[in-house]
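Computed from a prediction, not measured in an experiment: that's the story for all the values here.
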Amino acid sequence: MATEHYYTQAIWSATAGAKTYPSLSHDLEVDVAVIGGGITGITTAYNLAKAGKKVAVLEAKRVGMGTTGSSTGNLYAPTGQLHKVASKHNEETMKAVAFSRSGAVDFIEEVVNEFNIDCGFRRVPWYYFTTKEDSPHNKQIEKELLAAIEAGLPATGVAPAGFPYRVSRIANVAHQAQFNPLQYVQQLAAAIAGESCRIFEQTKVLDVEDGEPCVVHTSHGKVTAKAVIKATHSPIGRYVVHTEMEVHREYALAVRLKGDLPPDGIYWHMEEKQMYSVRPYSTEEGNFLLVLDASHKIGHVEQTEKSFKRVEEYLRAHFEVDEIAFTWAAQNYKPADGLPYIGTSFTEENVYMATGFAADGLTWGTLASIMIGDALFGRESPWASFYDPKRFTPAASAKRFLKENKDVVTHLVKDYLLRGDEKELDEIKPGEGKVVALEDGKVAAFRDEQGQLHVVSAVCTHMGCLVHWNNGEKSWDCPCHGSRFSVDGQVLEGPAIENLEEKGAGGQGPE
Ligand SMILES: Cc1cc2nc3c(=O)[nH]c(=O)nc-3n(C[C@H](O)[C@H](O)[C@H](O)COP(=O)(O)OP(=O)(O)OC[C@H]3O[C@@H](n4cnc5c(N)ncnc54)[C@H](O)[C@@H]3O)c2cc1C
């Protein structure tokens, strides 16, 4: 039976640790303030505290429960884009990507061993493949295989015995890895928390002033620091990199199968226009198969339940599904030239960012933490110039940059031409949301199951685009730079910092 409703709870949340951290309760002075307690923030804090810096981690919600806790937990050096990096940039950059990412996966393994982190870390192969002889993606797989070999990765073009699909083309790279990302980050945080690494949860950063020192204003006091790291997935505030990234929402299902799980591995199946990422995961709770994708640009699809459905249809076409156990969505930020942005911006000296990770950020985030550590200790990172946010790569970025900004301008202009009137509020059915133009501006109105109307400003507090309704997740999503808000206007994810302005609640709608 097909599922009718999808709930957004990632499989890893079932293994979330009980440990919590206090909110900041007084002003604090440290060497480095790290904003965000995902894999990037916690690993950065680990690196800096280990080397003797006094660190404060400021997390708006709970450690690990951002995108890190909604990821698939795959760790790999190739990205399926190595060949594109070679053609957009050059071979040296492509090798730097493979080498630096391999180092980051090794680094995670060392940390797991150092602290005995119980997160199911294991080495597995990465498979990137097609299953149709006439697949339009065959060339792409062939090119990726060649690039992986060229970059020195242990790659072959042969599927192993017992492979769960009939393969047309494959890039098979050995010695990659998988883990439970939430257990990794939460246990690492617990291991490093102490006098030299203070961790604060439920502490939202509201503003950052660059300087000597920098001042970080939070919902609970201020932190003074020599350097600040914005490890918030997309850096909070306004940056040029926001205009260079395309934001995609992705959909994931974790299911129990009727038969056995496929052998361990990271399976990336190129089918039609989508790439489906499949991974088996075994725990005391049972055996699960995780499948995700059906991604789309954020704010471009209202009926997002259809995206979940597409993943479910894929699953049922390829496996004997017994039960759908978890369904969730999360988003990634795709950089214009295919490389992440790690370092300082044009306008700041002591504030660092780490973003543009696409769907490969467990490894990029770890690499960012190593590179930021190097920068703060005055060590020259061999990778700094490749990933510098200030790099200028017009040839590699042009196509996506122009497309992305055409989209932003389209939304700014088209969405503002929207006309409507108050009557439209009455027509909103329970469980639905709509942007309505009223005399004093555009509002985002949602009617809950009790018939109560929740009305907030529809103007995104980041850069002024109008938010769009996301029916599957019941949120207001900004199509321009990916900020998301709850039906009551609270920021769900950045780069926005401020909530949508409340416009009040209304009465009953249609019977
Ligand atoms: C569905 C999906 C699957 C993925 N699977 C993989 C995978 O298998 N392998 C892989 O390598 N990558 C994967 N990725 C990408 C990867 O999950 C992310 O790139 C990575 O987790 C980003 O980590 P982060 O620490 O930078 O951000 P996050 O984990 O999002 O952490 C940022 C933190 O900052 C906090 N924050 C935000 N604003 C503020 C504020 N104002 N004040 C204080 N705190 C704030 C948030 O609450 C959050 O906890 C996947 C992505 C998606 C969408």
Side-chain angles (χ1 to χ4, degrees), residues 1-18 38-39 61-75 118-122 124 164 178-187 248-262 264-269 274-296 301 303-332 359 361-362 470-475 484 486 492-493:
M1 263 263 293
T3 299
E4 289 309 325
H5 293 291
Y6 300 90
Y7 302 93
T8 52
Q9 189 195 2
I11 184 168
W12 315 116
S13 60
T15 57
I39 194 163
K61 293 171 187 158
R62 279 203 66 194
V63 165
M65 300 295 268
T67 316
T68 298
S70 293
S71 70
T72 329
N74 292 323
L75 305 166
D118 178 17
C119 62
F121 181 95
R122 62 181 71 189
V124 300
Q178 272 170 344
F179 67 170
N180 174 328
L182 186 59
Q183 284 181 330
Y184 173 77
V185 169
Q186 290 193 332
Q187 289 178 39
H248 281 241
R249 200 112 188 111
E250 295 187 23
Y251 298 84
L253 269 66
V255 301
R256 294 178 203 271
L257 295 183
K258 288 198 176 126
D260 292 338
L261 286 179
D264 276 346
I266 301 165
Y267 297 87
W268 283 10
H269 182 189
Q274 287 285 331
M275 189 201 82
Y276 290 91
S277 168
V278 178
R279 89 161 265 199
Y281 170 64
S282 293
T283 151
E284 282 165 8
E285 308 301 317
N287 297 328
F288 298 92
L289 193 70
L290 277 58
V291 181
L292 83 152
D293 224 323
S295 85
H296 61 75
V301 172
Q303 300 301 325
T304 52
E305 294 224 332
K306 285 189 186 147
S307 302
F308 284 113
K309 185 140 257 131
R310 281 235 306 276
V311 181
E312 183 183 344
E313 281 164 7
Y314 168 86
L315 255 169
R316 292 189 187 278
H318 294 277
F319 300 92
E320 281 239 52
V321 176
D322 184 22
E323 179 204 1
I324 295 179
F326 296 90
T327 64
W328 71 98
Q331 71 199 35
N332 66 61
L362 299 175
N470 171 344
N471 197 42
E473 298 181 82
K474 308 283 179 241
S475 62
R484 297 182 58 242
S486 70
L492 295 174
E493 43 200 309

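- In terms of heavy atoms, Gly64 sits closest to Leu182 at O-CD1, 3.2 Å.
- The ring of Trp12 has its center no closer than 6.0 angstrom to the ring center of Tyr184.
- Residue Tyr251 is tested with His296, Arg310, Glu312, Glu305 for a side chain to side chain donor-acceptor pair (under 3.5 Å); the sole match is His296.
- Distance check: Glu250 CD to Leu292 CG gives 5.0 Å after rounding to the nearest 0.5 Å.
- Counting heavy-atom neighbours within 6.0 Å of Gln274 CD, excluding the residue itself, gives a total above 12.
- Taking every heavy atom of both residues into account, Gly69 and Ala10 meet most closely at O-CB, 3.3 Å.
- Using a 4.5 Å heavy-atom threshold, the side chains of Arg316 and Ile324 count as touching.
- Under a 3.5 Å cut-off, the side chain of Lys61 and the backbone N or O of Leu492 do form a donor-acceptor pair.
- Here the CG-CG distance, from Asn74 to Leu290, works out to 8.5 Å after rounding to the nearest 0.5 Å.
- Summarising the geometry, atom OG belonging to Ser71 is positioned 6.5 Å from atom CZ belonging to Phe179; distances are rounded to the nearest 0.5 Å.
- For the residue pair Tyr276/His318, the side-chain donor-acceptor check at 3.5 Å is not satisfied.
- Closest approach of Leu75 to Ile266, counting heavy atoms only: O-CD1, 3.9 Å.
- Ile11 places a side-chain heavy atom less than 4.5 Å from the side chain of Trp328.
- The line from CG of Asn287 to OG of Ser282 is 4.0 Å long, rounded to the nearest 0.5 Å.
- For Arg279 and Thr72, the side-chain atoms include no donor-acceptor pair closer than 3.5 Å.
- Listed for the Gln186 side chain is a donor-acceptor partner under 3.5 Å among the backbone atoms of Gly17.
- Side-chain contact between Pro262 and Leu289 is present, with at least one heavy-atom pair separated by less than 4.5 Å.
- Between the CD atom in Gln331 and the CZ atom in Arg484 there is a gap of 6.0 Å [rounded to 0.5 Å].
- Using modelled atom types and a 3.5 Å distance limit, the side chains of Gln178 and Arg122 yield no donor-acceptor pair.
- Of the inter-residue distances, the one linking Asp293 atom CG with Tyr314 atom OH reads 10.5 Å to the nearest 0.5 angstrom.
- Counting only N and O atoms by type, the side chains of Gln187 and Asp118 include no donor and acceptor under 3.5 Å apart.
- The side-chain heavy atoms of Pro164 and Tyr267, taken from C-beta on, include a pair separated by under 4.5 Å.
- Between Glu320 and Leu257, every side-chain heavy-atom pair lies at or beyond the 4.5 Å cut-off.
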